[in-house]
Amino acid sequence: MNDTSPPPIDTAYLRDVCGDDRELGVELFGDFETETRANMNRLRGAIAAANPVEAREAAHGIKGGAGSLGFTEISQCAARIENAARDGSLDDAPAQLQQLTEALARLGSAFPKISWD
Amino acid sequence: MPSATPMNNESAKILVVDDSQVIRKTLNKRLQAQGYAVTEANSGAEALELLKKEAFDLILLDVIMPEMNGNETLQEIRKLFGPAQLPVIMSTAMDQSDDMVVSFRLGASDYVTKPINFPVLQARVATQIALKRSADRLQREIQDRRQAQEQLKLANESLERRVAERTADLQKAKDDMETQAEELARFNSELQDFAFVASHDLQEPLRKIQAFGDRLKSKFADALSDTGRDYIARMQNAADRMSELVSDLLSFSRVTTLSRPFERVDLGEAAQAAFSEFSSEVKAAKAELELGALPTIDADRSQIRQLLVNLIDNALKFRRPEVPPRIRIHAEIDGENCRLTVEDNGIGFDSKYTDRIFRVFQRLHGRDEYSGTGIGLAICRKLVERHGGSIDASGKPGEGASFTVTLPLRNTQSEPESNPPSNA
């Protein structure tokens, strides 16, 4: 992660979606984790199998879910893979996958620290 | 922050179609908070299934989905519902503008980009639902009017049908009546022709019977016994009687076959002339005529004369023995009619026979008591009716009779009803 990387969570957007409803935020985060776990597995398999179509769909799924909850860093990371895959290129995909994995880890530690008050 | 106060969206129903559960749920929460009723579908196929079972006011449709994507789903939706019936807002990533061009061509109503800007989404959803509501109202109004028009048309058709039926009934009744009237007129005309021809042609053999009877009597009387001469006398009486009948019958039929155009007729002069025909009977019976002031009317001169002759003849014939006949003829004007009365001081009759005396060959007395064929008054009635008038009689046995003829003063009818047969 370098200095220009966006923060893992756009809290203003998340608050726009959930208000101060912590329970809803936690529920949506849980849904996101489940959905993303499946998409990550799919994405890894697609990169290993050099399947850009499959990789694009998986990356798109991660991008949308993250975007809808204000997880900006992950959303942008996934968008880079999606765009490259759309152009048929998976050359940078392993490195991007690594970045995505790290971003997910950052989100995992940042989310519980959100102030809902 | 989502508002806790739902807007007045009257539970408009929105179908959210997205393959991401997270996105469906976030949209659902936000839209529910606005007062909308939200249903979720995780694929185009599920959305189409729901649309077959439930009515929605709006669809929020993700463009990029596995298997059936948003545009393919939209295409299927538009086969079921037009843009005015069901607005569809597409949701797409910011960088997918090519897809949006396709979406609009396929009938998308609007689009939002992801990540969703919720105020923008709410504004677009509200606009589309308001448009749909107007379209619905317009559609209902069109249907109401169409229904009203249909009812009006049905009512009109029913009315037209009833009028047509009634018209047909009336036309048929009129046709039937005209047919009957024509048949009656033809029948009447044939009957008159028949009466005229029959009575006219009967005279010829009758004259031969009379002539040969006369010759038998004058030339061979000596050769016959008293019984033979009595037979001839009886035969001649019968022939004379028949001649009288035929002659009267001919007169009766001539009322119509020999009618003439109407002209101005002075009833006073006509009565005087008729009375003068009976000069010998008048003298013998010492009869008196009292003639009042009579008007001038439109009539067939010869027929009026015959009418008066018949009535005077009647008064003289049915006189009381030993009582000189007094005949009084007078008239009064009643509006557009003239009422002419012929009164006598004769034997009179019972008023219950009034109808009978005007019928052909009807007699109240035996032939040996009073001469005549019983046709005179029938001719009178026919003459009067031909002039558009009427005749009535009253009387008491032994106290005289009174005949009243009502005739129009002016009568435009000037054409004879029919012409006599050519051999008349």
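All chains are named by letter (A, B, ...) in the order of the sequence lines, taking the proteins before the strands, and each is independently numbered beginning at 1.
No more than 12 heavy atoms of other residues, nucleotides or ligands lie within 6.0 Å of CD in B:E67, so this atom counts as exposed by the packing criterion. By the 6.0 Å contact criterion, CD on B:E336 is open, its count of non-hydrogen atoms from other residues, nucleotides or ligands being 12 or less.
The heavy-atom pair separating A:S68 from B:V22 by the smallest distance is OG-CG1, 3.5 Å. Residues B:S20 and A:G65 approach most closely at OG-CA, 4.3 Å, considering heavy atoms. Nearest approach of B:R30 to A:V17, heavy atoms of both residues: CD-O, 4.0 Å. Listed here is the closest heavy atom pair of B:P115 and A:G67: CB-O, 3.4 Å.
In this structure, A:K63 NZ and B:I64 CD1 are separated by 6.0 Å, a value rounded to the nearest 0.5 Å. Expressed to the nearest 0.5 Å, how far NZ of B:K25 lies from CG of A:D31 amounts to 3.5 Å.
Proximity to chain B (any heavy atom under 4.5 Å) is shown, for A:F29, by neither the backbone nor the side chain. Residue A:L69 touches chain B through its side chain alone, counting heavy-atom pairs closer than 4.5 Å.
Inter-residue side-chain proximity for B:N117 and A:Y13 is flagged as unmet; no heavy-atom pair is nearer than 4.5 Å.
Contact annotation for residues 167-186 of chain B against chain A (heavy-atom separation below 4.5 Å): no residues qualify.
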